[in-house]
Amino acid sequence: MLTSDERVVETGSLADLVDYVEVDPSLSSADTEPPAIVEVADASVTAFAEERRRRLVRGSQVIEELAWQNRSGRLHAGFQTLSRLTSFRRTREVFRRLAEVGVDVHVYGVPDVDLPEDVPYTVHPRDDPETRRHWFVAYRCEETDECAALVARLLDGDGDEYEGFWTLDQDRARPVVDYVEETYAND
């Protein structure tokens, strides 16, 4: 249920929404029309404080789905440590599939594990305070100039609480994408 000022604006089924954001070629979600609740939602910014990882994964998936639908562009993802790629099979598979359909995928993190040499995306090992404390996903499609971004700062050491935002608003996402490309991608 989507509400605004305590008024119901639109409703939709969770199953339709999950089908729409699922990044899986066998579902052909790129051809799926967005549910009405997605069309009505103000997608400018979703801010969060003290959010757990699970909710951030959903924001990341929306951005990955945009890349999947466009089948082009550049996706940047930083998740503190590169071991997250070895720990989360779904993440590895999504990035592999995105790379295979033409998205230029770049991943960033503290090099705490050795990754296979044959991954179909570019790995940028980085060990600095910003990389250690931030989770980000930034996407730009060169053909349409669509941008999307998620930026989350880890609140406490090795905890699981973050603050930040994710957005599909071009004017808000573009500076994030520019920053990531200027600061990280040229390593």
Side-chain angles (χ1 to χ4, degrees), residues 14-15 17-30 32 46 48-71 73-140 148-168 173 176-177 180-181 183-185 187:
L14 184 57
L17 189 58
V18 169
D19 285 347
Y20 179 69
V21 299
E22 184 65 44
V23 179
D24 185 335
S26 66
L27 297 178
S28 301
S29 59
T32 303
T46 299
F48 50 84
E50 299 181 16
E51 288 292 334
R52 299 254 183 230
R53 177 171 301 280
R54 181 182 302 195
R55 301 257 332 247
L56 300 180
V57 168
R58 293 294 177 223
S60 296
Q61 289 172 337
V62 168
I63 297 169
E64 292 160 1
E65 174 63 19
L66 179 62
W68 176 258
Q69 289 175 359
N70 287 318
R71 297 179 189 271
R74 184 179 277 186
L75 179 77
H76 303 275
F79 358 64
Q80 291 105 29
T81 62
L82 292 177
S83 60
R84 296 209 190 275
L85 282 171
T86 59
S87 300
F88 297 103
R89 185 182 64 77
R90 183 213 170 269
T91 302
R92 282 192 318 273
E93 284 300 304
V94 166
F95 290 163
R96 180 186 60 78
R97 289 175 179 172
L98 286 169
E100 288 174 353
V101 299
V103 178
D104 183 14
V105 178
H106 294 255
V107 296
Y108 308 85
V110 174
D112 60 337
V113 295
D114 291 326
L115 296 176
E117 296 282 329
D118 63 345
V119 294
Y121 39 82
T122 306
V123 178
H124 300 269
R126 295 182 53 94
D127 192 353
D128 58 71
E130 190 171 67
T131 302
R132 286 183 176 278
R133 298 207 42 91
H134 289 84
W135 172 350
F136 62 86
V137 180
Y139 171 71
R140 178 191 332 257
L150 175 145
V151 178
R153 184 176 64 86
L154 185 62
L155 291 176
D156 290 315
D158 294 329
D160 191 31
E161 291 186 346
Y162 296 82
E163 66 180 2
F165 70 97
W166 70 272
T167 184
L168 300 174
V176 174
V177 176
V180 169
E181 290 182 346
T183 306
Y184 289 87
D187 288 353

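One is the number of the first residue; the rest follow in order along the sequence.
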* Quick check: are there more than 12 heavy atoms from other residues, nucleotides or ligands sitting under 6.0 Å from CG of D114? -> no

From [X] atom [atom1] to [Y] atom [atom2], the distance as rounded to the nearest 0.5 Å:
| X | Y | atom1 | atom2 | result |
| --- | --- | --- | --- | --- |
| Y121 | E100 | OH | CD | 11.0 Å |
| D128 | R133 | CG | CZ | 12.5 Å |
| L150 | E64 | CG | CD | 10.0 Å |
| I63 | W166 | CD1 | CH2 | 7.0 Å |
| Q80 | Y162 | CD | OH | 4.0 Å |
| Y139 | L98 | OH | CG | 9.0 Å |

Quick one, [X] and [Y] - any side-chain contact, counting heavy atoms below 4.5 Å?
| X | Y | result |
| --- | --- | --- |
| F95 | L75 | yes |
| V101 | W68 | yes |
| L85 | F79 | yes |
| F165 | V176 | yes |

* Please check if the side chain of R132 supplies one atom and the backbone of D127 the other of a donor-acceptor pair under 3.5 Å. => no

* To do: Answer yes or no: is there a donor N or O on one side and an acceptor on the other, between the side chain of R126 and the main chain of T131, under 3.5 Å?
  => no

* Ring center gap for F136 and Y184 short of 6.0 angstrom -> yes

* Structure fact -> Tested for side chain to side chain donor-acceptor pair (under 3.5 Å) against H76, the lone hit among E181, H106, R140, H124 is E181

* **salt bridge (charged side-chain N to carboxylate O under 4.0 Å, His left out) evaluation trace for R96 with E93** => CA-CA 5 Å; R96 180 186 60 78; E93 284 300 304; 2.5 Å; yes

* For residues E65 and Q61, is any side-chain donor paired with an opposing acceptor at under 3.5 Å? -> no

